[in-house]
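Every value quoted in this text rests on a predicted model; they were computed, and no experiment measured them. Computed from heavy atoms alone, side chains included, the values below leave out hydrogens, waters and symmetry copies.
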Amino acid sequence: QVQLVESGGGLVQAGGSLRLSCASSGRAFAYYVMGWFRQAPGKERDFVAAISWNSYTYYADSAKGRFTISRDTGKNTVYLQMNSLKPDDTAVYYCALANTAGIRTTVPEYDYWGQGTQVTVSS
């Protein structure tokens, strides 16, 4: 099994920045994708960004130019640097792992999930 633990959420003013972290432990995979999703109250869980086992990255349109996904393989940690935050970015942010080689962008394609971290952006 895999355990994913997110951290780094909080309250920030519009225009500010936050860096989320996702630490993974447990079973290791040769090929995998780590993704970030977010879910606002009353809405579906949406894709934000993903990074593959070979460091290929992919972003939702809402994240392009503002968010950066990265990873530290030595620490088994994936990061989501979020800049120029807007009130619309307010949500619970989840990291997830898919045991696959190519980028995945939908919830059902991911096998393991963290518990989520709240991000609140005030106007």
Using a strict 4.0 Å threshold on nitrogen-to-oxygen distance, state whether Asp89 and Lys86 make a salt bridge.
-> no

If I compare all heavy atoms of [X] with all of [Y], which pair ends up nearest, and what's the gap?
| X | Y | answer |
| --- | --- | --- |
| Tyr93 | Leu80 | CD2-CD2, 4.3 Å |
| Tyr79 | Asp72 | CE1-CB, 3.9 Å |
| Leu18 | Leu85 | N-CD1, 3.9 Å |
| Leu11 | Ser122 | CD1-CB, 4.3 Å |
| Ser17 | Gln81 | CB-NE2, 3.9 Å |
| Val33 | Ala50 | CG1-CB, 3.9 Å |

[atom1]/[X] to [atom2]/[Y] distance, rounded to the nearest 0.5 angstrom?
| X | Y | atom1 | atom2 | result |
| --- | --- | --- | --- | --- |
| Leu97 | Met34 | CG | CE | 5.0 Å |
| Arg38 | Gln118 | CZ | CD | 12.0 Å |
| Ser52 | Tyr58 | OG | OH | 13.5 Å |
| Leu20 | Thr77 | CG | OG1 | 12.5 Å |
| Tyr112 | Phe29 | OH | CZ | 4.0 Å |
| Arg19 | Met82 | CZ | CE | 11.5 Å |

Sub-4.5 Å side-chain heavy-atom contact between [X] and [Y]:
| X | Y | value |
| --- | --- | --- |
| Ile51 | Tyr32 | no |
| Arg104 | Tyr110 | yes |
| Trp36 | Val78 | yes |

Kindly say whether [Y] contributes a backbone atom to a donor-acceptor pair with the side chain of [X] at under 3.5 angstrom?
| X | Y | result |
| --- | --- | --- |
| Thr90 | Val121 | yes |
| Thr100 | Ala98 | no |
| Tyr59 | Ile69 | yes |
| Trp53 | Ala30 | no |
| Glu6 | Thr117 | no |
| Ser24 | Asn76 | yes |

Evaluation steps, side-chain contact (heavy atoms from CB on, under 4.5 Å), between Trp113 and Val107 | CA-CA 10 Å; Trp113 292 84; Val107 170; 3.7 Å; yes

Cation over ring, Arg45 on Phe37, under 6.0 Å and within 45°?
->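 No, cation not above the ring by the 6.0 Å, 45° rule.
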
Are Phe47 and Tyr56 grouped together when hydrophobic residues (ILVMFWY) are joined by side-chain heavy atoms under 4.5 angstrom apart?
-> yes

